[in-house]
Amino acid sequence: MAATVFHQAIGTLQSNGYLKNSGLHQEIRDGAVRLPLKGFKLELGVSKRACHSSGSRNFGVIQASVSQTSVVDPVLSPANKNTNEPRKKSNEAALILIRHGESLWNEKNLFTGCVDVPLTKRGVEEAIEAGKRISNIPVDMIYTSALIRAQMTAMLAMTQHRRKKVPIIIHNESEQARAWSQIFSEDTKKQSIPVIASWRLNERMYGELQGLNKQETADRYGKEQVHEWRRSYDVPPPNGESLEMCAERAVAYFKDEIEPQLLSGKNVMIAAHGNSLRSIIMYLDKLTSQEVISLELSTGIPMLYIFKEGRFIRRGSPVAPSEAGVYAYTRTLALYRQKLDEMVN
Ligand SMILES: O=C(O)[C@H](O)COP(=O)(O)O
């Protein structure tokens, strides 16, 4: 028997077929969002009320109605509460991606790349809001770029987490740094989350565009040229990195360092940048170099993936800490949240 599990707005359909405000601008082909979950049926409807406002690129609010057809989640099913069957060990892990909050150069509309600029007040608020949205999702390891805007975002987001573990930056840069940052209590270690920073998650190096105003650069070199520098896959800006070059180091880092953690069941958060995350999403979602061109990420919006049986399942962007869509299908996440609730009550 089919039972509707949740029904909610998941974003705004744009003319280019992507969903805005879902964190990830999710692709819709032939009116259907790909939702790779067995046993669930996704029905989409476009709310006419919000359709096609003139001068806007928004083409309507997408409503998703997800029906469970055959799979029953053991956590959500009271009938399974008293079963004596041993629970299968779950081999899934959560992966959260966050683009840093607004930086002082985002605000000034300057090409930033690898220049190390902090967050604005609004960026700080975005990071805190992102933290609220993921405050019920387990985080065992945090990866950030070497840049302060990503590190601020990760740290501020974690101030909102209900588990209250302490994120601690790991200093492996020298023998002395390692020795001087040791922790001598196993209990304290258990209450902390290692934060690993790597330049390989940095924003793409924008070459000689760094520090230039985006609008002035478009006025000077032409809109098309600047669009090509910003969004083509393999054309680098003058003396900078193309998205392809950025992907070479960011995706290699993801595969070498982060994927093994997910495979071992660790829940991971990555705080990074527009282009390093676009390249990682290209890998996770198997986008072509053509498809990635229209992928845009908003600042400070967390995106959730579930890593299960070697596959990445995109779960979109949690809009609220207790959003049903996040917990409805994932026994591990539902159990984690239940434990948090019990800890508080
Ligand atoms: O580095 C920058 O300027 C931005 O963070 C990303 O810029 P883009 O959207 O122009 O690639």
Taking all heavy atoms of [X] and all of [Y], pick out the closest pair and write down the distance.
X      : Y      : answer
Ala252 : Glu248 : CB-O, 3.1 Å
Arg278 : Asn275 : NH1-OD1, 2.8 Å
Ala146 : Asp116 : O-OD2, 4.0 Å
His100 : Thr299 : O-CB, 3.2 Å
Ala154 : Ala271 : CB-CB, 3.8 Å
Arg149 : Ser103 : CD-CB, 3.9 Å

Checklist line | side-chain contact (heavy atoms from CB on, under 4.5 Å) evaluation trace for Tyr233 with Gln290 | finding: CA-CA 8 Å; Tyr233 181 62; Gln290 202 50 38; over 6 Å; no

For residues [X] and [Y], determine if any side-chain heavy atom of one lies less than 4.5 Å from a side-chain heavy atom of the other.
X      : Y      : value
Leu333 : Ile306 : yes
Val226 : Lys223 : no
Tyr327 : Gln338 : no
Arg133 : Ser317 : yes
Ile301 : Arg99  : no
Ile258 : Ile270 : yes
Glu208 : Pro237 : no
Val268 : Phe307 : no

Show the atom names and distances, to 0.1 Å, of all donor-acceptor pairs under 3.5 Å that link a side chain in residues 190-198 to residues at least two apart or in another chain.
{"residue": "Gln191", "atom": "OE1", "partner": "Arg163", "partner atom": "NH1", "Å": "3.2"}
{"residue": "Ser192", "atom": "OG", "partner": "Lys189", "partner atom": "O", "Å": "2.7"}
{"residue": "Ser198", "atom": "OG", "partner": "Arg200", "partner atom": "N", "Å": "3.0"}

Is there a path of hydrophobic side-chain contacts, each under 4.5 Å between heavy atoms of I/L/V/M/F/W/Y residues, joining [Y] to [X]?
X      : Y      : value
Met205 : Leu243 : no
Ile169 : Met269 : yes
Trp229 : Leu297 : no
Met158 : Val124 : no
Leu287 : Leu97  : yes

Salt-bridge present ([X], [Y]; N to O < 4.0 Å):
X      : Y      : answer
Arg122 : Glu125 : no
Lys121 : Glu102 : no
Arg331 : Glu92  : no

Next item on the list: Answer with yes or no after comparing the ring centroid distance for Tyr283 and Tyr253 against a 6.0 Å cut-off, counting only values under it.
Entry: no

If I take atom [atom1] from residue [X] and atom [atom2] from residue [Y], how far apart are they, to the nearest 0.5 angstrom?
X      : Y      : atom1 : atom2 : result
Ile128 : Thr153 : CD1   : OG1   : 10.5 Å
Leu284 : Met303 : CG    : CE    : 10.0 Å
Met282 : Ser289 : CE    : OG    : 5.0 Å
Ser242 : Glu228 : OG    : CD    : 11.5 Å
Leu201 : Leu277 : CG    : CG    : 8.0 Å
Ser279 : Glu244 : OG    : CD    : 11.0 Å

Is atom [atom1] of [X] surrounded by more than 12 heavy atoms (other residues, nucleotides or ligands) closer than 6.0 Å?
X      : atom1 : answer
Lys214 : NZ    : yes
Arg220 : CZ    : no
Gln182 : CD    : yes

Check: Do Arg311 and Ile313 pass the side-chain contact (heavy atoms from CB on, under 4.5 Å) test, and can you show the C-alpha distance, the side-chain angles, and the key distance before you say yes or no?
Finding: CA-CA 6 Å; Arg311 286 195 317 134; Ile313 303 165; 4.1 Å; yes

Margin query: Checking one residue: Leu104. Which other hydrophobic residues are in its cluster under the side-chain 4.5 Å linking rule?
Written below: Trp105, Leu110, Val115, Val117

Is there a donor-acceptor contact under 3.5 Å from the side chain of [X] to the main chain of [Y]?
X      : Y      : answer
Ser276 : Ala272 : no
Glu291 : Thr288 : yes
Lys164 : Thr159 : yes
Gln210 : Tyr206 : yes

Next item on the list: Classify the ring geometry between Phe312 and Tyr305 as parallel (under 30°), tilted (30 to 60°) or perpendicular (over 60°).
Entry: perpendicular

Next item on the list: Please check if any side-chain donor atom of Glu107 sits under 3.5 Å from a side-chain acceptor atom of Thr120, or the reverse.
Entry: no

Next item on the list: For the pair Leu304 and Leu95, evaluate side-chain contact (heavy atoms from CB on, under 4.5 Å) and give the outcome as yes or no after the intermediate values.
Entry: CA-CA 6 Å; Leu304 175 66; Leu95 169 66; over 6 Å; no

Next item on the list: Step by step, work out the side-chain contact (heavy atoms from CB on, under 4.5 Å) result for Ile293 and Leu295.
Entry: CA-CA 6 Å; Ile293 288 174; Leu295 177 66; over 6 Å; no

Could you give the side-chain donor-acceptor pairs of residues 135-145 under 3.5 Å, partners two or more places apart or in another chain?
{"residue": "Ser135", "atom": "OG", "partner": "Lys132", "partner atom": "O", "Å": "2.8"}
{"residue": "Asn136", "atom": "OD1", "partner": "Arg162", "partner atom": "NH1", "Å": "2.6"}
{"residue": "Asn136", "atom": "ND2", "partner": "Pro321", "partner atom": "O", "Å": "3.0"}
{"residue": "Asp140", "atom": "OD2", "partner": "Asn267", "partner atom": "N", "Å": "2.8"}
{"residue": "Asp140", "atom": "OD2", "partner": "Asn267", "partner atom": "ND2", "Å": "2.9"}
{"residue": "Ser145", "atom": "OG", "partner": "Leu147", "partner atom": "N", "Å": "3.0"}
{"residue": "Ser145", "atom": "OG", "partner": "His273", "partner atom": "NE2", "Å": "2.7"}

